[in-house]
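Order of the sequence lines fixes the chain letters, A, B, ..., with proteins taken first and strands second; residue numbering starts at 1 for each chain.
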Amino acid sequence: MPTNSLYQKKMDIRKVKKLIELLEESGIAELEIHEGEESVRISRYRALPMGQPFLQLADPQLPAAPGHAVAPADAKPKPDFEGHSITAPMVGTFYLGASPTSKPFVEMGQRIKRGEILCIIEAMKVMNQIEADSDGTIAAILVDNGQPVEYDQPLFVLKRT
Amino acid sequence: MPSKSALLPEPARDEQLLKLLADGNIHSTARVATAFGGETPPLETLAVLLGHYGVEIEVAGDDRLRLKHPIELLEADRIVTSLQRSGSAPHRIDLAFSIDSTNQALIKRAGLQDAHRHVYLAEFQRAGRGRRGKAWIAPLGSGLCMSVAWDLRVAPEILPSLGLTTATVAVRVLRNLGIDDVGIKWPNDIWWKNCKLGGILVETRVGPHNKHTAVAGIGINVAFPQRRLCEIEQPYTDIRTALGRGVSRNALAAALLHELHTAFTIFERFGFAPFYDECRGYDVVYRQKVQLSWRGARLVGRAFGIDPSGALSLEMEDSICRFESGDLSLRLAD
């Protein structure tokens, strides 16, 4: 049962740095990135207890990863960024394109209109196409193709243009 | 027109041709000339052309032929008429002779305009695919291929259970026809005696403020030529086998649309709950030994039923886990 940790694996440090910057800017409380078998979770509030699995790879009965619920009241993120995150409206598997061979619905930096499809979340073979809730530019794609997402997990950062 | 036996499919012409031949009676090639601008096509041209649609012909003497299996073509008017009486007629019904995917057509429409209660039916779906990527075609007229679009104002997290809701309704209709053992293989297959009788594909457009459009696609094998059933690398069956007689595709479409109309109206207000007990009663894998392909892992266990959210529980060595996704296959007793 793989237990991934930022310190054990060789996730590109520049990428992690960029993610931290992104978190700083965006007002998101926490973000989690999966890449193949590796994953990293960055939280504004507190470090994840050591040894906690980030990824429920082969152990689905585990409760949802901790760190979600408890946030100190004095550490509210400042909503100073003109972008906002688009979160998962349901639990499922995240797909950037309509099929493994088709090109992604959106790419970084792309301007999109309200109502455009951003991604698919599949659950129980139901393919849910997620629409953008406003116009904007894709400032970040926070989840890799094919990764599981939890309810309310941030998927994209949309910068209003 | 080319006299060689190589005509490419051309939906409008081929639909006309099929209409002339559909009854299964013996016809002369001269009879179908109207579909070819008045020129009588050679028999082999017709054989090759109809082969594109999986339709076989029998030669019945010089320049005479008949379809090996008569085809009941779909008629939108008939379907609408039988639904009007119950007040569940669709707002719009489209009938394509040949299409890649009825779901795709409707989900695309839903992004552009109001698609609520629109229905798409196809005689022939081009994008059929068998297991391991092996291409195969469901012969024209051998099955029912239908999609329904429905606007739903619901919390988005319940949308995944719409697949099981649709499957439940489809199984109910098939049981009403008299196919007693038909059930659901979680999450979206319709099974009869360990064979696939049909499948459900639900796609949704999830918008802000709980405003969504769902497209529920239903495919049911009605009457496959036996030889074709053997070509598919999956245990397939059809209504004719399960029931011992054929059914009208138009009547089946109307029965499904009627039940779906009611079901979607209930789903919008109460979610999956009103369908849950019925759905569990149709669960064909309950307590069976199964294998679940899940995120690259193969998990073996005993199916422990569907939970109120629609997820599948699997009893493994010393734990019971629930899954919202995965491909389920039945394991032979070992």
Side-chain angles (χ1 to χ4, degrees), chain A residues 1-2 34 36-37 39 55-64 84 86-95 98-102 105 112-136 144-153 155 158, chain B residues 103-104 107-108 110-112 155-167 186-189 199-217 272 292 294-299 306 309-314 316 318-328:
Chain A
M1 212 163 292
H34 299 271
E37 285 201 344
S39 80
L55 186 60
Q56 300 173 30
L57 234 190
D59 212 2
Q61 81 275 29
L62 281 173
H84 72 289
I86 291 172
T87 58
M90 61 195 59
V91 174
T93 307
F94 175 87
Y95 293 106
S99 75
T101 50
S102 58
F105 292 108
I112 51 148
K113 290 234 175 297
R114 180 190 155 94
E116 262 182 64
I117 303 299
L118 299 174
C119 64
I120 285 179
I121 297 178
E122 180 265 328
M124 291 180 266
K125 293 280 160 71
V126 173
M127 304 295 167
N128 303 287
Q129 305 186 348
I130 312 301
E131 292 180 5
D133 58 0
S134 61
D135 295 359
D144 279 343
N145 193 45
Q147 290 301 318
V149 290
E150 291 295 328
Y151 180 72
D152 243 6
Q153 181 178 334
L155 307 173
L158 202 61
Chain B
N103 259 43
Q104 218 175 2
I107 200 93
K108 205 179 267 179
L112 302 171
E157 60 266 31
I158 73 162
L159 289 172
S161 62
L162 192 59
L164 278 170
T165 302
T166 307
W186 184 89
N188 65 336
D189 280 338
I200 306 296
L201 177 62
V202 172
E203 294 173 82
T204 68
R205 280 187 75 103
V206 182
H209 313 302
N210 289 348
K211 283 172 81 173
H212 321 296
T213 301
V215 173
F272 180 51
L292 187 75
W294 182 78
R295 292 178 196 160
R298 285 188 176 179
L299 308 171
I306 295 164
S309 74
L312 179 84
S313 292
L314 190 62
M316 295 190 286
D318 52 0
S319 61
I320 294 176
C321 304
R322 59 187 286 281
F323 295 88
E324 262 122 9
S325 63
D327 287 309
L328 194 66

Value rounded to 0.5 Å, distance of [atom1] in [X] from [atom2] in [Y]:
X       : Y       : atom1 : atom2 : result
N128(A) : H212(B) : CG    : NE2   : 9.0 Å
M127(A) : I107(B) : CE    : CD1   : 11.5 Å
T204(B) : M90(A)  : OG1   : CE    : 5.5 Å
L328(B) : K125(A) : CG    : NZ    : 8.5 Å

Do you know the tightest heavy-atom contact between P160(B) and V126(A)?
->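 Residues P160(B) and V126(A), closest heavy atoms: O-CG2, 3.3 Å.
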
Residue pair M124(A) / S309(B): nearest heavy atoms and the distance that separates them |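 The answer is CE-O, 3.3 Å.
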
Under 4.5 Å, counting heavy-atom pairs only, tell me which of G310(B), G163(B), A216(B) racks up the most with chain A.
->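 Most heavy-atom pairs within the cutoff with chain A belong to G310(B).
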
Which one of I158(B), D327(B), L201(B) has the most heavy-atom pairs closer than 4.5 Å to chain A?
->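 Highest number of pairs under 4.5 Å: D327(B).
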
E122(A): partners by side-chain hydrogen bond (donor to acceptor under 3.5 Å, both in side chains), with sequence neighbours left out |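 Partners of E122(A) by the side-chain hydrogen bond (donor to acceptor under 3.5 Å, both in side chains) criterion come out as none, since no residue qualifies.
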
Side chains of D133(A) and H209(B): closer than 4.5 Å at any heavy-atom pair?
->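 A side-chain contact is absent here, since even the closest heavy-atom pair is not under 4.5 Å.
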
Non-hydrogen side-chain atoms of R114(A) and P208(B) separated by less than 4.5 Å = yes

Are any side-chain N or O atoms of R205(B) and backbone N or O atoms of G115(A), one a donor and one an acceptor, separated by less than 3.5 Å?
->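 Indeed, once roles are kept as given, a pair shorter than 3.5 Å links the two residues.
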
